[in-house]
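Just so we're on the same page: letters track the sequence lines, and every chain starts at 1.
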There are 2 protein chains.
Amino acid sequence: MPDNPQTQKEQPRRRQARGERRIAQLLEAAARVFCTTGYTAASTNAIAREAGVSPGTLYQFFPNKEAIAIELGDRLVHELRETYGEALAPVDPATPLEEAIGSTIDRFMAFNTEHPVFFALMHGPDIPGRMAETHDQLHATLIGRTEDLLTTLMPGATRADVTRTAHVCFGIYKSGLELVLAHEGTERAAYVQEIKNVMVRYLRPLVGDRLG
Amino acid sequence: MPDNPQTQKEQPRRRQARGERRIAQLLEAAARVFCTTGYTAASTNAIAREAGVSPGTLYQFFPNKEAIAIELGDRLVHELRETYGEALAPVDPATPLEEAIGSTIDRFMAFNTEHPVFFALMHGPDIPGRMAETHDQLHATLIGRTEDLLTTLMPGATRADVTRTAHVCFGIYKSGLELVLAHEGTERAAYVQEIKNVMVRYLRPLVGDRLG
DNA sequence: GACAAACACGAGAGATCGCTCGCGTTTCTC
DNA sequence: GAGAAACGCGAGCGATCTCTCGTGTTTGTC
């Protein structure tokens, strides 16, 4: 099956090394601008200026503003899945609850503090259309993994209970992330520990005497 | 000290009953539009259309778009302080922890579900300048009250510990509110109960054997 | 070195939005 | 009922933002 114009949209463009560099440069600039001003308030001219190029050059590589956020989001999601995909894998039932929750939170906190634009793009109320799809897809995946973990730990719970608990865990993490990103150094570390405490104390009665 | 033009900015405008009605009408319309699209994306023309008046009429009562959000926010904050001000008052030490937390969360949830625009205005990343002041002021007040409550319950903790705990409680409530607003009926009630569980289990070890 | 394609520029077209202004209507006051 | 002031309208001004286009430069291929 050769190139199908139906599915193979259009890519007669052969990028040069210079072009790839510009793309990376523009995405880094966009990440900085999105972080400080949010998606909607970020102007394409500002992104181009931040990258040190002209508006026309920006549109040589991205068809529109939304595509910049989408490409940035896709690359981040890809890195998240690649590097931290095993963070929600099934845990050894012998693992203490503190340790299981602690290492999971540490992994995700590390990613989010290293890429603060991820939170800005996924959490902002002004995300573009296809970006919302990517977000919903990732969200569903993470909720699903959490549900799987919780199902083995909450034998007596209904499906709705498990789903609700997973959403509450996710909410706890998100609010904790907001606090963590707002602080630095030892205070930040203290907030990470507090979020672990919240999660452990919330889940301990649900899982009964399992997991330590 | 008669009218001082320095502090008494300018109000030679004597509102008629019709005008007061229009203002209320416009604020209700603005609340609906802000709720669905957020502050920045909400156009003044859309607010006027939602209220069934012309753009010119809107600007007869509000000097600019920011003033609409500020007036709306001020009225909500005023109602919050009036009606729910005692929600964070000092509690009787004999009150069980579950009951103290439960009634407080119920009060605030009632207000927030009755005025969903409040969350949209206070939480959005695109709030206007003076709106942020109102928000920070209210936030500081609520955090301060929470700190006062926690101080009496955490005798051995440092000031920084108390502050951090108060922020964590606030974050738990906010993330819970987001979940509550996203659901209806019995599922909403179940989420309210879950948030109470999270809060109680988080605070129980901190307060020791006090409060039941 | 010649040709094509990718890259780069920046002025500005086109669209949107906040807000104004001139004028007509309703309400209040006497 | 007459004058003033508040209310109401909607076309459109000016600012801003996304995105285009004509032109010039750099890079890859033969």
Side-chain angles (χ1 to χ4, degrees), chain A residues 10-30 33-34 36-72 121 124-131, chain B residues 9-30 32-34 36-72 121 124-131:
Chain A
E10 43 156 329
Q11 37 180 316
R13 192 59 153 255
R14 301 192 326 137
R15 293 264 169 253
Q16 299 178 352
R18 186 174 33 152
E20 297 291 349
R21 257 182 281 124
R22 277 270 181 271
I23 290 177
Q25 201 176 73
L26 283 163
L27 287 177
E28 287 168 23
V33 177
F34 287 155
T36 57
T37 69
Y39 173 76
T40 7
S43 82
T44 54
N45 285 15
I47 295 174
R49 201 180 319 118
E50 174 78 20
V53 302
S54 79
T57 298
L58 185 152
Y59 282 92
Q60 191 102 45
F61 302 102
F62 299 99
N64 51 48
K65 179 177 165 181
E66 181 177 348
I68 304 173
I70 289 175
E71 178 66 24
L72 193 56
L121 277 183
D126 52 356
I127 48 181
R130 204 174 103 40
M131 191 81 195
Chain B
K9 302 205 172 183
E10 43 158 329
Q11 38 180 315
R13 192 58 154 254
R14 300 191 328 136
R15 293 265 169 251
Q16 300 178 352
R18 187 174 33 152
E20 297 292 348
R21 258 182 282 123
R22 277 271 181 270
I23 290 177
Q25 201 177 71
L26 283 163
L27 288 177
E28 287 169 23
R32 284 192 295 272
V33 177
F34 287 154
T36 57
T37 69
Y39 173 76
T40 8
S43 82
T44 55
N45 285 16
I47 295 174
R49 202 182 318 118
E50 174 79 21
V53 302
S54 78
T57 298
L58 186 152
Y59 282 92
Q60 192 103 44
F61 302 101
F62 300 99
N64 51 48
K65 178 178 166 181
E66 181 177 348
I68 304 173
I70 289 175
E71 178 65 25
L72 194 55
L121 276 184
D126 51 357
I127 48 181
R130 204 175 101 41
M131 190 82 195

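The distance between atom CZ of Phe62(A) and atom C1' of dA8(C), rounded to the nearest whole Å, is 15 Å. At whole-Å resolution of the value, CZ in Arg49(A) and C1' in dC9(C) are 15 Å apart. Residue Gln16(A) contributes atom CD, which lies 5 Å from atom P of dG28(D) at whole-angstrom precision. Protein atom CG of Leu26(B) is 10 Å distant from nucleotide atom P of dC9(D), rounded to whole Å. Nucleotide dT26(C) holds its C1' atom 17 Å from the CD atom of Glu20(B), rounded to whole Å. Rounded to whole angstrom, the span from the CG atom of Leu58(A) across to the C1' atom of dG10(C) amounts to 13 Å. Put simply, CD1 on Ile47(B) is 10 Å from P on dC19(C), counting in whole angstrom units. To the nearest angstrom, C1' of dC19(C) lies 11 Å from CD1 of Ile68(B).
Of the candidates dG18(C), dC9(D), dC19(D), the closest approach to any side-chain atom of Lys65(B) belongs to dG18(C). Looking at the side chain of Pro55(B), the nearest of the listed nucleotides dC19(D), dC19(C), dG18(C) is dC19(C). Candidate nucleotides dC17(C), dT27(D), dC7(D) were compared by shortest atom distance to the side chain of Arg18(B), and dC7(D) ranks first.
Residue contacts shown for Gly19(A) are limited to sugar-phosphate atoms, with no base heavy atom under 4.0 Å away. Counting any heavy atom pair closer than 4.0 Å across all strands shown, Asn45(A) reaches a base atom. Using a 4.0 Å heavy-atom criterion, one finds that Ala42(A) contacts the sugar-phosphate atoms exclusively.
Arg22(B) places a side-chain heavy atom less than 4.5 Å from the side chain of Gln25(B). Side chains of Leu26(B) and Val53(B) form a contact here, defined as non-hydrogen atoms less than 4.5 Å apart.
Using a 4.0 Å cut-off, no side-chain N or O of Ser54(B) falls inside it from OP1 or OP2 of dG8(D). Applying the 4.0 Å criterion to OP1 and OP2 of dT27(D), one finds that Arg14(A) has every side-chain N and O outside that range. At the phosphate of dA6(C), neither OP1 nor OP2 sits under 4.0 Å from any side-chain N or O atom of Arg22(A). Listed pair Tyr59(B) / dT20(C) fails the phosphate criterion, with no side-chain N or O lying under 4.0 Å from OP1 or OP2. Here Thr44(B) does not reach the OP1 or OP2 of dC19(C): none of its side-chain N or O atoms lies under 4.0 Å away.
A cation-pi arrangement is present between Lys65(A) and Tyr39(A), with the terminal nitrogen or guanidinium carbon under 6.0 Å from the aromatic centre and inside a 45° cone about the axis.
Checked for salt-bridge contact, Arg130(B) and Glu66(B) miss the test: no charged N lies under 4.0 Å from a carboxylate O.
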